[in-house]
Amino acid sequence: MKRYTIDPITRLEGHGKIEIFCNDAGDVDNVYFQVPELRGFEKFCEGRPVEELSQIVTKICGVCPGCHHMASGKAADAVFGVEPPPTAKKLRELFYMAHFVHSHIAHFYALAAPDFVVGPTAPAAERNVLGVIGKVGAEIGTEVLKQRRIAQEIQALLGGHQTHVVMNIPGGVRKGLKEEERKDIEEKARGFVEFAKFSLKIFDDVVLKNKEYVDIILNGPYALDIYSMGLVDENNKVNFYDGKVRVVDQEGKEHCKYAPEEYRDFVAERVEPWSYLKFPYLKKIGWKGFVEGKDSGVYHATPLSRLNVAEGMATPLAQEHYEKMYDTLGGKPVHATLAMHWARLVELLYSAERCLELATDPEITGTELRAKLDKTPKEGVGIVEAQRGTLTHHYWTDEKGLVTKANIIVGTTNNNAPICMSLKKAAQGVIKQGVTVDDGILNMVEMAFRAYDPCFSCATHSLPGKMPMLVNFRDLDGNVLRTLRRDP
Amino acid sequence: MEEPRVGIYVCWCGTNIAKMVDVEAVSEEIGKIPNVVVARNYKYMCSDPGQDLIINDIKENNLNRVVVAACSPRMHELTFRKALENAGLNPYLFEMANIREQVAWVHADKEVATVKAKALISAAINRVLYHEPLDTRAVDVNPATLVIGGGMAGLSAALEIADSGKKVFLVERTERLGGNLVHVDQTFPYLHSGQGILSPQVRRAVNHDNIGLFLETEIDDIFGYVGNFEARLKDKKGKEIELKMGNIIVATGLKTFDPSVIPEYNYGKLPNVITSVEFEQMLKAGNIMTREGKEPKNIALIHCVGSRHEDYHEYCSRTCCVTALKYANQIRSAIPGANIFDLYTDMRAFGKGCEEFYAQTSRSKNTLFLMFAKGDLPKVSKAPVGEDIDMLITMNEMLSGDEIEVPADLVILMVGVEAREDAKDVAHHVGVSMCGNEFFIEKHPKLDPVATTTDGVYVVGSCVGPKDIPDTVSQAKAAAARVLATIAKGAVVVELTTAVVNEDICCGCQTCIKVCPYTAVSFDEEKGVSTVNEILCKGCGTCGSACPTGAIRSRHFTDQQILSQIEGLMAMEV
Amino acid sequence: MSFEPTIVSFLCNWCSYTGADLAGTSRIKYAPNIRIIRVMCSGRVEPTFVLKAFSEGADGVLICGCHPGDCHYHEGNYKCLRRYHLIQKYIHQMGIEKERVHLAWISASEGKQFAELVDEMTERVRELGPSQIKQVMETFA
Amino acid sequence: MANEKDKPKLKLAVYWGAACGGCCVSVLDVHEKLFDVVAAAELVFWPIALDVKYKDVEAMPDGHIDVTLFNGAVRNSENEHMAKLLRQKTKVLVAYGSCAHMGGIPGLANFSTKEEIFKRVYDESESTVNPEMIKPQPHYTVPEGELEIPEFYNDVRTLGQVVNVDYYLPGCPPQTERLVEVFMAIVTGAELPPPGSVVGALDKTQCDECKRKKSDNKVIKRFYRPWEIEDDGETCFLEQGVICMGPATRGGCGVRCIEGNAPCRGCYGPPPDSPDPGAKMMSAIATMIDANEEEDIAKAVGHIDDPAGTFYRFSLPSSIFRRKVT
């Protein structure tokens, strides 16, 4: 038996590792995606004052700290049984939209674009953001970095700290928005909308006008027949900050729609001895292993799944592109993994538009920033949609508001099983008897993985974006027969 | 910092330390510790030859750190610091390990005691490694002196200083000078008249050009430091007076014990049970008689009233015994026929001429000395009707071993003395400590009996403990001499074991400002940092411990020194 | 052989250290487990010293200052009392028994009381057993 | 160093242990300056970005890498292995960010044991269904072969507790400007402080830069949690009774949290020569209590919730006690 160890030092709570086992015939037997690190936030959040958590949990991930900050902030509100005043909620969402813009821009240009703009089989050396720039022009590269910076400046302005935000306090936010600051954000938001539109145009020109790519998306070994999860508002439109979690099945039929505090009735996590990261699944369906189909509780929570569960986008331009995407890809739901890139761009546009809406909302400069806390703290759940999946924080406290228990389901964790399965499928699709495994082949496998934008890969935002890749051909005893890797 | 070269000296203190600590073994083992150049042990380190050992080693082995393991630093730290100075080494490059009071005298197992001694010494070594040379600073001495209390002690001190041409402010809370002596008719053992002794002194004090007299005046507050004190006085009308002085002599005296708390004596219930103070009034008035106006036939004197008794005061009031003898003599000359019963526990007639006075008194007729056991108090009760005497005293007489009844028309309680309840306030104003029975504590009971732990503040007379007139006066004059000496020098040296701010670290949070009880820390708006006034700072170190940045260092008690000392303590664990 | 605790003690110079000296001059015997460090005022004692003592292997820490109202520096002992309460709360949170740190007031005249205090403290700590901190230090990896 | 022109590119490595990625993001936050950095330095190892494997690092000659920015604490066997390897291969090893510097937020795990953490995460977690009580195993055999993951340690350690560190660059994450300053100093061969120093942070603490109004009124009757007061947005937090780590935390971050109306949390660590990262502040806070009566003091202290988590929020592993005694 051969073993391929794809050892991308990747990031979630630590470094990811992919093990591909092939049978003697040279066909892929099985694939394991391992997350080899744990930090145990659920444990050491115990004993901390609950208002502290929204600052502590940002350290779960420095790439999407804003998501944890928001989920935690909402959980803390719930613990005190309060709703923040409208201004506070809108300021949080404004921050959050900037967070999405910054993240989605980076992912598309640094990770997704190289595969399409430069081409999946192009020389590795070119298949990175610099390659993209080579294709579409240097000023765009600069523009990418600039937009990302601007998005981060907005986060710093509202959140105090550009990375590990200190915005939330139980019942609201610590800081209001001045008119001149609002004006500035409004300007920047207009820039976002333009840039999002431009990005969709690039996707249109480079990907959609290229039959080969569309073919890869639709017919490549990149489709999973699993459930979709995402957060929707009262009109079942996509929402990242607030609403209910909706799950649809393979045909797009609603499986369930639950409020944050009900999450335990619908989601459960499984432990495997070979990974520190747990595997969530739909509780009512149950765990049947790493398999597809209606009877398997496996689901994904990604840009694509979010669009799948929704009945549309809440902003006009995003809605247009939403419809266009499903028309092009043959109606809802879409299961083609690589369609996530498109979906992500639709979300980028939505975030930009929503950012502008909020920046021009008269209430945004209001001065009522905090609700009065008069109830005894007890228990609360906060859910937001993180870039990388539905994020759930659940806290219990004593009467002083000191945390006695915490339970957290991180965005990427939702996709732990799907990632394993996509990788297996991709590997089975491309690594076959007689196929010499080369750089391009490995990248084909990697594309499946990257599509999820798992939190670990997003740390590479705006750098030459290429998953490090190493393949060891081993004999049964695991001795390396031949090593294959890409040169940077 | 230059390579530390430490000298260790383990003192036997005769047998005091040597019999409980294996000094040989200790010095040998300690000698192996890095940086230790010499390790010796010697019979008496504080003796001249002992100090010479250190001085020579410093010169010959060019030591730059010295540790002496001996008695408490409160005893001899200064002695050895001087030795370092004489050898040309900064006195602060020295540390003491207290292996007498903290080891030899309090532990019973030599092996354990020796281990502990080693630990304390290794801690001292660890500490001294981080000692730094410290400067001292000379400050001018204000030639004026504040004397608190206008009794015999205060008067004597004030006059001594004033006579030498220096200004004195004499503060007395009552409306007249003289203190307790005012009540005394005659003094023992030579039966001089109290007035005869007192009035000339009072007269001189009142008219003395160098004495500013403040009657019916109390201390409101005192601040400053040796050479430069400032006092705020308040007189009866509430008027405030501000004064500046360089030294302070505390002579606040004592008060007599109130015997009504002793059930056995029925004082306050039986009209003819009186205190020695009240009896003095009779003697002064010249007529000894009962409340009923009759001349008493049987007169009893009871000793140790409120003294030498665990329920009241454990200490001896020192003057009552001889005073009682004095009464016996005075009564006999006033009422030759009277029977005098002297009920005592131990007759304490020490002091010049007192024992002779006792002998002479006991030889005289119709004075009967009866002894009761300490704590086994006689009981005074009304005599049954019909008897022609007023009261009966029942007691276990020790010499005969019989329980006897003593007849009495007049019972004189020889009341003891105690500290004034307001002594605490004074102690606080001048910063002196008090011992358990509220008398002030001297800097050293033997070597420095009139000074206190606060430089420039002296305590004299009965506020330190019960005293007779000669002791009081000599203390007062001793203190006066000390004060005059500093005035003559014109300057005193103040230690700079003060707090100091590292301005490169201080962030200006101002946590330290309100922490200081002496307003020695202030905020420099310009620099945005705190600064310490080295003269006002008394070196308690509280600000250093309150500083969140570590910018404030408590000189000679730095973090580094103390933390290193802790390591040393543990290094020697077995 | 029964466990012999080591107790590091911080005594203020004016009251407590003098009181300890008095215990000595009065030849009052007490447990040899105590190791004394002199500070000018209990107000100089800060958490760092206590934590350091434990990390070096002390099983208990005894802090003594002047009685309330009698501080040679007016209020240093109150500052110490405030820190003492927070130190206890902290070490408790770190899994160390509160009782391993003790604050007591000893005046210059309370030699007897000091000796008794040392014996009590020694017994209290003996009952608690050895402090685990030093072992944690050694196995920390 | 050699003069500007013929100077070879600086060989730079970036690696994380137990970290969140924020440190890496802070490196990326040079934004448009990124190209200048790439011009001045050759990234020889940055797992999240480059295809350079452990093996390749092992193959490098000792001291091959000029500067390594190691972020993250040491939490498992892999972290430790890489820390030692990179120490060997690096001339200047920089503990980058709070986790490598003091243990950081992951260091709070030293309140618990490995067993307690596993129990909570894999057994007790309310959303977890694990009747067989399965726990991740460093070595596990699946039908197809053996799978390995690093061993999870009981203690979280700082980088300095595992290997010899040349410089500490504090912050959670370090302010990018500070990184660029230090980076440029190294590139231009400017005078570097003695090894073991903290770089990229000020000796003075936050208050020195803090714009809030402060006075000597540091006396606190009652401590408040941030949500218990109406922060006026301009008075020193401590003077409002809210514990702020500012006075005991190095400046250099631009008082960013306080600018966001949150009290300083202490990520930049204590000023120079601090024997313990939290004890000084603990002492200061206790001293501020405005009470002398024992019961009043106890009451005031009662309102200081979670002292260990407050004074050692980012520094538990580097504290005198290192971890909770269990």
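Convention: sequence-line order gives letters A, B, ...; per-chain numbering from 1.
Per-residue heavy-atom pair counts under 4.5 Å with chain B were compared for C:V118, C:T25, C:V8, and the maximum is reached by C:T25. Here C:G43 is the residue among C:S109, C:G76, C:G43 with the most heavy-atom pairs under 4.5 Å with chain B. Heavy-atom pairs under 4.5 Å with chain C were tallied for B:A123, B:P73, B:A546, B:C516; the largest tally goes to B:P73. Residue with the most contacts toward chain B among C:S55, C:G69, C:A20, C:C15: C:G69 (heavy-atom pairs, distance under 4.5 Å). Chosen from C:N33, C:L22, C:N13, C:T48, the residue pairing most often with chain B at heavy-atom distances under 4.5 Å is C:N13.
The main-chain N or O of B:C540 is never found under 3.5 Å from a side-chain atom of C:R44 such that the two would form a donor-acceptor pair.
With a 4.5 Å cut-off on non-hydrogen atoms, B:H556 does not touch chain C at all. Looking at C:K52, both its backbone and its side chain come within 4.5 Å of chain B, counting heavy atoms on both sides. Residue B:I441 touches chain C through its side chain alone, counting heavy-atom pairs closer than 4.5 Å. Looking at C:I36, both its backbone and its side chain come within 4.5 Å of chain B, counting heavy atoms on both sides. When heavy atoms are compared at a cutoff of 4.5 Å, C:A31 approaches chain B solely by way of its backbone atoms N, CA, C and O. Looking at B:A427, neither its backbone nor its side chain comes within 4.5 Å of chain C, counting heavy atoms on both sides.
Within residues 94-102 of chain C, no residue has any heavy atom less than 4.5 Å from a heavy atom of chain B. Contacts from residues 104-113 of chain B to chain C, taken as heavy-atom pairs separated by less than 4.5 Å, involve B:W105, B:V106, B:H107, B:A108, B:V112 in sequence order.
Between C:Y73 and C:W14, the ring planes are perpendicular. Angles over 60° get that label, and only those under 30° would be called parallel.
Rounding to the nearest 0.5 Å gives a distance of 9.0 Å between NZ of B:K538 and OH of B:Y225. Rounding to the nearest 0.5 angstrom, the gap separating the CD1 atom in C:I133 from the CD atom in C:E138 is 11.5 Å.
There is a side-chain donor-acceptor pair under 3.5 Å between B:Q102 and C:Y17.
The salt bridge (charged side-chain N to carboxylate O under 4.0 Å, His left out) test with C:R38 is passed by exactly one of B:E95, B:E101, B:E77: B:E77.
Salt bridge C:R83/C:E46: absent, no basic N to carboxylate O contact under 4.0 Å. The pair B:R555-B:E534 meets the salt-bridge criterion, since a charged nitrogen lies less than 4.0 angstrom from a carboxylate oxygen.
Heavy atoms of other residues, nucleotides or ligands lying less than 6.0 angstrom from CD of B:E310 number 12 at most.
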